[in-house]
Engineer: 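Submitted below is the structure of interest, expressed as structure tokens.
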Protein chains: 2
Amino acid sequence: MSRFPARSDWIERAEATLTAAGHRRGGARRALLQLLDEQECALSAQEIEDALRAQGADRSKSATGLAGAAAGAGSAGARGANAAGKGVSRASVYRILDELEGLRLVQRVETGQAMVRYERVSERAEHHHHLVCDECGVVMPFSDPGLERAIETLSERVPMKVSEHEIVLHGACRDCAV
Amino acid sequence: MSRFPARSDWIERAEATLTAAGHRRGGARRALLQLLDEQECALSAQEIEDALRAQGADRSKSATGLAGAAAGAGSAGARGANAAGKGVSRASVYRILDELEGLRLVQRVETGQAMVRYERVSERAEHHHHLVCDECGVVMPFSDPGLERAIETLSERVPMKVSEHEIVLHGACRDCAV
DNA sequence: TTTACTGCAAATTATTTGCACGGTT
DNA sequence: AACCGTGCAAATAATTTGCAGTAAA
């Protein structure tokens, strides 16, 4: 029963970066950082809002029902929500996400599902991409060194100063594939 | 078997497929097919609507410098637009695009620009991906055999029956890169 | 105290849908 | 004539913004 799972590198870096950028530390932001850090894959704003609300309502429960439906992200218990237990407003979710994206702490993931997903950007090359099941909508991560290598080489030959790349494979997951 | 060199394979295939699917041939659809076929890269619904409206208003002029594929809108080109010259309604643009996507004649391209782009799906392996300049928003195509090979190999090892893949490189184009 | 952080609700923007009419087969 | 295709306008859904109260530093 770890009550204080060592503040991950990411959270530390995030808070440091935010502070450096002249920001204070509000409850909503902290809850969001905590949640994103626990995730294994990208979440949509809606999922984030729901998860935070759930945490607020019942903080002893592992508020990870969201992952079941959309992403297979299993998080440990959640504790970081705002002490009051009210959840975070949608506006704040978007605002914070936008802010974090600007600081390169979070990145958008376009899965062709009518809404954008967001996930933390890890410094330690845990760089990964996504598989999207067009049937059930599940989103899962994958990574492949060969692919990264190909992208890197390619980036040199292209008429652009490449800073990011996103790869999404669409198809049918095992459960959906006949 | 056609006698009009202007009608590309794609348009023929598209119309055949649409007919097979039990559709008639309205003016809006034809204009849209024609436009998409002329493009070299993905267009947004807005761009499509504007282009078609422009064509409708002044059919002797090539469709406003869109993706640079303004070629041949003259004699052979504009012939497809609705004779009246009124353009195509937004609703139709979306409806037709959706229809074409379902028939795999067109594919969506997510460039992280708040709207989806669409482009024709060519049968002849002209398979390509996209470069997006985050500064000016320009979108250009690129293709790389090595990358495709890597994707193909990878698709076998992943827990999903992959049917499509999308790769987007973000960065600064030559004009925007300082 | 100062100024950022938040929530709430109204405002936007891209995309979709209902309905009636005109066009294609 | 039978029905699909299309335009128009209203309806949605996701995301953004204005404003006022709350809370870090």
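Chain naming here is simple, since letters A, B, ... match the order of the sequence lines and numbering starts at 1 in each.
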Engineer: Name every residue in residues 109-118 of chain B that has at least one heavy atom under 4.0 Å from any atom of DNA chain C, in order of residue number, or write none if there are no such residues.
Structural biologist: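 Within residues 109-118 of chain B, the residues near DNA chain C are B:Ala114, B:Met115, B:Val116.
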
Engineer: Please identify each residue that fulfils salt bridge (charged side-chain N to carboxylate O under 4.0 Å, His left out) with B:Arg149, with sequence neighbours left out.
Structural biologist: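 Applying salt bridge (charged side-chain N to carboxylate O under 4.0 Å, His left out) to B:Arg149 gives none.
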
Engineer: Which residues pass the ring-ring contact (aromatic ring centres under 6.0 Å, His included) test with A:His129, sequence neighbours left out?
Structural biologist: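 A:His129: ring-ring contact (aromatic ring centres under 6.0 Å, His included) contacts with A:His127, A:His165.
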
Engineer: Please determine if A:Glu47 and A:Arg117 form a salt bridge, counting it only when a charged side-chain N lies under 4.0 Å from a carboxylate O.
Structural biologist: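 Result for this pair is yes, salt bridge flagged.
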
Engineer: Counting only N and O atoms by type, is there a donor-acceptor contact under 3.5 Å from the side chain of B:Trp10 to the main-chain atoms of B:Glu123?
Structural biologist: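 It does not hold such a pair.
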
Engineer: For residues 90-101 of chain B, which residues have at least one heavy atom under 4.0 Å from DNA chain D?
Structural biologist: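 B:Ala91, B:Ser92, B:Arg95, B:Ile96 - these, ordered by number, are the residues of the stretch whose heavy atoms sit under 4.0 Å from the strand.
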
Engineer: Any side-chain to backbone donor/acceptor pair from A:Arg120 onto A:Glu38? Under 3.5 Å, distance only.
Structural biologist: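 Checked: no pair found.
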
Engineer: Check side chain to side chain donor-acceptor pair (under 3.5 Å) between A:Ser89 and all other residues, then give those that pass, not counting sequence neighbours.
Structural biologist: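 Residues passing side chain to side chain donor-acceptor pair (under 3.5 Å) with A:Ser89: A:Ser92.
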
Engineer: Might you work through the side-chain contact (heavy atoms from CB on, under 4.5 Å) test for B:Val109 and B:Val116, ending with a clear yes or no?
Structural biologist: CA-CA 6 Å; B:Val109 178; B:Val116 181; over 6 Å; no

Engineer: Between atom CD in A:Glu49 and atom C1' in D:dA13, what is the gap in whole Å?
Structural biologist: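 In whole Å, D:dA13 C1' and A:Glu49 CD are 13 Å from each other.
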
Engineer: What is the separation between atom CD on B:Glu47 and atom C1' on C:dT15, rounded to the nearest whole Å?
Structural biologist: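 It works out to 16 Å between those atoms.
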
Engineer: How far does the helix from C:dT1-D:dA25 to C:dT25-D:dA1 bend, going by the axes of its first and last five pairs, to the nearest 10°?
Structural biologist: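 Angle reported: 30°, given to the nearest ten degrees.
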
Engineer: Which whole-number value in Å describes the distance from B:Arg108 CZ to C:dA14 P?
Structural biologist: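 Atom-to-atom, B:Arg108 to C:dA14, this comes out as 15 Å.
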
Engineer: Please tell me which of the listed nucleotides, C:dT6, D:dT15, D:dG5, lies nearest to the side chain of A:Ala45?
Structural biologist: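 Selected nucleotide (nearest to the side chain): D:dT15.
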
Engineer: Output all residues satisfying side chain to side chain donor-acceptor pair (under 3.5 Å) with A:Gln113, sequence neighbours left out; order by chain, then residue number.
Structural biologist: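 Residues passing side chain to side chain donor-acceptor pair (under 3.5 Å) with A:Gln113: A:Thr111.
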
Engineer: Got a sec, which residues hit salt bridge (charged side-chain N to carboxylate O under 4.0 Å, His left out) with A:Glu101, two or more places apart in sequence or on another chain?
Structural biologist: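 Testing A:Glu101 for salt bridge (charged side-chain N to carboxylate O under 4.0 Å, His left out), a comparison that skips the adjacent residues, returns A:Arg108.
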
Engineer: Can you sort out the partners of A:Arg104 under side chain to side chain contact (heavy atoms under 4.5 Å, CB included), two or more places apart, ordered by chain and number?
Structural biologist: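 So A:Arg104 forms a side chain to side chain contact (heavy atoms under 4.5 Å, CB included) with A:Glu164.
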
Engineer: Check side chain to side chain donor-acceptor pair (under 3.5 Å) between B:Glu49 and all other residues, then give those that pass, not counting sequence neighbours.
Structural biologist: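 Here the qualifying residues are B:Arg53, B:Arg90.
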
Engineer: Just the atom pairs and distances: protein N or O near nucleotides 21-25 of chain D's N or O, under 3.5 Å.
Structural biologist:
residue, atom, partner, partner atom, Å
D:dA24, N3, A:Arg24, NH1, 2.9

Engineer: So, using salt bridge (charged side-chain N to carboxylate O under 4.0 Å, His left out) as the criterion, who are the partners of A:Arg124 when residues are at least two apart?
Structural biologist: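 So A:Arg124 forms a salt bridge (charged side-chain N to carboxylate O under 4.0 Å, His left out) with A:Asp9, A:Glu126.
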
Engineer: If you measure only the distance, is there a donor-acceptor pair under 3.5 Å linking the side chains of B:Glu119 and B:His130?
Structural biologist: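 On atom types as modelled, these side chains qualify, holding a pair under 3.5 Å.
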
Engineer: Rounded to whole angstroms, how far apart are CD1 on B:Ile48 and P on C:dA14?
Structural biologist: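 Spelled out: CD1 on B:Ile48 to P on C:dA14 is 14 Å.
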
